[in-house]
Amino acid sequence: MPELPEVESVVRAIGPLLRGAVLGKVRLLRADILEPPGIDLVTCLAGRSVRSVERRAKRIIFLLDNDHRFYIHLGMTGQLTVEPPGEPLRKHTHLLIEFAAKTLRFVDARRFGGIWWLGKDGPADDGLGPEPLQLPAAELAHRLAGTRRIIKSALLDQKIIAGLGNIYADEALFLAGIRPQRRADRLSHEQTMRLSRSIKTVLRQAIAHGGSTVRDYRNADGKPGEFQKRHRVYQRTGLPCVVCGTVILRRVLGGRSAHFCPKCQH
DNA sequence: ATCGGTACCTGCACGC
DNA sequence: TGCGTGCAGGTACCGA
């Protein structure tokens, strides 16, 4: 579920609630969602407080008062919520952290997400390319010129650009008028410039609308996003293009669904 | 060394 | 009702 806009929405909601808060009881209900295995998370967190909650790509990074850090990745179905204490445990709840008057909960049915303990020195952006909203167009062009893959797959590669997923890759390519199966290193200068703008536009719009809820995504307060109502191609297979009325197509590219308008995208 | 394919895991929608 | 199939927002790993 969660791509950059969903993760950003969660961080914006959780940050103000947890900044400065002292951790109470910690319950890790499934040890196998923790990396590296064998870390004693409960001991690591005992008595600490939260200095800040930040986003890097799709990672939610918690900085503690002793300069140790960990991050949570939501995978496909992860949910991170802040609720009053004592709410009933939902199925697939893997981590509970109690604060004075609220509880942070990590729930993830498919368990593609998890918790990564970094300590003081572990790199938080291991294997991640640049942030899309800070990426100059020329730098994006340079990175895309270096791969022979199709543009859709390149946009999903977190080492090339970090934070896009299947929804926003498709939406950005539609906005830019580029077919997902075009080769990344064969885009014209103009197309690359349009793509750079489109990525930023679609991410900013999605953040403004609280992200997209396809099925599982919820913000920290349990509410779904709204941007799915404004998707132009993602999961609109067989429906008319909002610009030209042509039927939206779906193709499997690199093992993922790609949605596009065959008339608007070249 | 880059890249495509597959595996990981659960739940849901659909057709029969 | 139940069963089988296909699909889902992500990423790590495996050979070619």
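Below, chains carry the letters A, B, ... as their sequence lines are ordered, and counting in each starts from 1.
- Within the nucleic acid shown, R256(A) comes within 4.0 Å of at least one base atom, counting heavy atoms only.
- Which of dG10(C), dC7(C), dG9(C) sits closest to the side chain of K58(A) comes down to dG10(C).
- Within 4.0 Å of R149(A), counting heavy atoms only, lie sugar-phosphate atoms of the nucleic acid but no base atom.
- The distance from atom CZ of F227(A) to atom C1' of dG9(C) is 14 Å, rounded to the nearest whole Å.
- Using C1' as the reference atom, dA12(C) and dG11(B) are 23 Å apart when rounded to the nearest Å.
- Residue R111(A) contributes atom CZ, which lies 17 Å from atom P of dA12(C) at whole-angstrom precision.
- Picking from dG11(B), dA8(C), dC3(B) the nucleotide with the shortest atom distance to the side chain of R250(A) gives dA8(C).
- The phosphate of dT2(B) (OP1 or OP2) has no side-chain N or O of R148(A) nearer than 4.0 angstrom.
- Remark: the R110(A) side chain and the dC9(B) base include a donor-acceptor N/O pair separated by less than 3.5 Å.
- A distance cut-off of 5.5 Å between ring centres, combined with a plane angle under 30°, places F112(A) in a stacking arrangement with the base of dC8(B).
- Comparing G255(A) and A109(A) along DNA chain B, the residue whose closest nucleotide (by nearest heavy atom) sits nearer the 5' end is G255(A).
- With hydrogens and angles disregarded, a donor-acceptor distance shorter than 3.5 Å links the side chain of D157(A) to the backbone of K159(A).
- Here, dA7(B) and dT5(C) have their P atoms 16 Å apart, quoted to the whole Å.
- Between the CD atom of Q79(A) and the P atom of dT10(B) there is a distance of 16 Å, given to the nearest Å.
- Using a 4.0 Å heavy-atom criterion, one finds that K159(A) contacts no nucleic acid atom at all.
- The OH-P distance, from Y168(A) to dG10(C), rounds to 10 Å in whole Å.
- The side chain of S257(A) contributes no N or O atom lying less than 4.0 Å from OP1 or OP2 of dC7(C).
- Protein atom CG of L253(A) is 10 Å distant from nucleotide atom P of dG5(B), rounded to whole Å.
- In this structure, the nucleotide among dG10(C), dT10(B), dC12(B) sitting nearest to the side chain of H73(A) is dG10(C).
- The same atom, P, is picked in dA1(B) and in dT11(C); the two are 24 Å apart, to the nearest Å.
- Aromatic ring pairs are classed by plane angle as parallel below 30°, tilted from 30° to 60° and perpendicular above 60°; the pair F70(A) and W117(A) is parallel.
- In this structure, Q191(A) contributes its side chain and S188(A) its backbone to a donor-acceptor pair below 3.5 Å.
- Each of G146(A) and R215(A) was matched to the nucleotide of DNA chain B holding its nearest heavy atom; the match closer to the 5' end belongs to G146(A).
- Between Q158(A) and dG10(C), a side-chain N or O to OP1/OP2 separation shorter than 4.0 Å is absent.
- With dC9(B), dG9(C), dG11(B) as the candidates, the nucleotide lying closest to the side chain of H92(A) is dG11(B).
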Dot-bracket for DNA chain B, please. Rules: Watson-Crick or G-U, both distances under 3.5 Å, ( ) within the strand, [ ] when a pair crosses earlier ones, | for another strand, . otherwise.
.|||||||.|||||||
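- In this entry the distance linking CG of L164(A) with P of dG9(C) reads 14 Å, nearest Å.
- Look at CG on L156(A): it is 14 Å from P on dC3(B), rounded to the nearest Å.
- Here the side chain of Y234(A) is nearest to one of dG11(B), dG9(C), dG10(C), namely dG9(C).
- Looking at heavy-atom distances under 4.0 Å, T213(A) makes contact with a base.
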